[in-house]
> 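I have a structure here, written as structure tokens, and I will follow up with some questions on it.
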Amino acid sequence: MRFLLSGVSAAFANGIRRACMSEVPILAIDDISLYDNTSVLFDEQISLRLGLVPLQAEDLDVFSRPEECQCKGEGCPGCRVDFMLSSEGPGMVYSKDIQFTDSGVKPAFDKIPIVILGEGEKLVIEGFATKRVGRDHSKWQAGTLCGYKNLASIEISKACDGCGKCIEICPRHVLAMEQGKAKATNILECSLCKLCIGECEAKAIKLESILDSFVFTIESSGTMPVKDLVARSAKEIKNRAMDLDTKLAELS
Ligand code: SF4
Ligand code: SF4
Ligand SMILES: [Zn+2]
């Protein structure tokens, strides 16, 4: 998803970016017991692949992070979801073969390949998923791609003679010719590279970055829609700010 965030400081924008990657809790497979693995892959490779399968939960909020759970991390239905995977070849084992005991939890995508099983080869696994954050391990990273840049402001003055050189040089196709003059028609794409300015002999282009507006590009791992991811990242920042506020009040 691409969106514009305006009227905030660079620190806040960066806070959203960082929270999307490392502070929004999601479910991921945490631990497995392999009862049978006669596939060509080592146990560790199977384990890694399962850990990286993004999981969706109908209601993520019913689960606690283990360290915040009433079981104090011992493991209970409030902080872990058990699963079973049992398959025999020939054929590909896919993410959809991971069967969770909670019907509200499932892999975000059905067809993530785990391993190809040959004739008679078997894979039998039990395990559980827990809810943690990207800061603990990248498999709990809800936002896989999170970046932003300042929004550009481009003004073309009357000095423009319509030569079109800026349009030709622009690698992002930001500029177009309208009524014989250059015009910024695709401003969100501008990377502020200034190539157009170098090309304009008439010095008709005024380019600035808007310091409190940010063009975000965020990709979710599939665990939740990007809209929810951004909302949850803002909530995490708010919770931390409130924690800090409480701690400061205790000091005074
Ligand atoms: S390079 Fe300058 S003069 Fe030529 S079209 Fe672009 S803005 Fe106008
Ligand atoms: S600064 Fe770069 S990306 Fe932006 S309009 Fe000019 S050439 Fe295109
Ligand atoms: Zn628990």
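When a ligand or atom number is given, it counts from 1 through the structure's own listing order.
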> If only atom types and distance count, is the side chain of Ser64 paired as donor or acceptor with the main-chain N or O of Cys69 below 3.5 Å?
no
> If we only count heavy atoms from C-beta on, is the Val115 to Gln45 side-chain gap below 4.5 Å?
no
> For atom 4 (Fe) of ligand 1, which protein N/O/S atoms fall under 2.8 Å? Skip waters.
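The answer is Cys163 SG.
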> Please report, to 0.1 Å, the donor-acceptor pairs under 3.5 Å made by any side chain of residues 12-35, with sequence neighbours excluded.
unit_1, atom_1, unit_2, atom_2, d
Asn14, OD1, Arg17, NE, 2.8
Asn14, OD1, Arg17, NH2, 3.1
Ser22, OG, Arg18, O, 2.8
Glu23, OE1, Arg135, NE, 3.4
Glu23, OE1, Arg135, NH2, 3.0
Glu23, OE1, Arg240, NH2, 3.1
Glu23, OE2, Arg135, NE, 2.9
Glu23, OE2, Arg240, NH2, 3.4
Asp30, OD2, Thr130, OG1, 2.7
Asp30, OD2, Arg132, NE, 3.4
Asp30, OD2, Arg132, NH2, 3.3
Tyr35, OH, Glu126, OE1, 3.2

> Assess, by modelled atom type and distance only, whether the side chains of Thr144 and Glu219 contain a donor and an acceptor separated by less than 3.5 Å.
yes
> How close does the nearest protein non-hydrogen atom get to atom 7 (S) of ligand 1, and which residue and atom is it?
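In this structure, atom 7 (S) of ligand 1 has Ile205 CG1, 3.6 Å as its nearest protein heavy atom.
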> Within the structure provided, determine whether Thr101 and Phe83 are in side-chain contact (heavy-atom separation under 4.5 Å).
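Answer no - side chains too far apart.
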> Test side chain to side chain contact (heavy atoms under 4.5 Å, CB included) on Leu60 and Arg232 and set out the steps.
CA-CA 11 Å; Leu60 199 52; Arg232 282 178 181 267; 4.1 Å; yes
> When you look at CD of Glu58, are more than 12 heavy atoms from neighbouring residues, nucleotides or ligands closer to it than 6.0 Å?
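For Glu58, atom CD is not crowded (no more than 12 foreign heavy atoms under 6.0 Å).
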> Tell me which donor-acceptor pairs under 3.5 Å the side chains of residues 180-194 have, and how far apart each pair is, sequence neighbours excluded?
unit_1, atom_1, unit_2, atom_2, d
Lys181, NZ, Lys158, O, 3.3
Lys181, NZ, Cys160, O, 2.9
Lys183, NZ, Glu178, OE1, 3.4
Thr185, OG1, Val174, O, 3.4
Asn186, ND2, His173, O, 3.4
Glu189, OE2, Arg2, NH1, 2.7

> Which protein N, O or S atoms lie under 2.8 Å from atom 4 (Fe) of ligand 2, given by chain and residue number?
Cys190 SG
> Does any N or O in the side chain of Ser220 come within less than 3.5 Å of the main-chain N or O of Pro225, such that one atom is a donor and the other an acceptor?
no
> Among Asn37, Asp36, Asp43, find the one that has a side-chain hydrogen bond (donor to acceptor under 3.5 Å, both in side chains) with Ser39.
Asn37
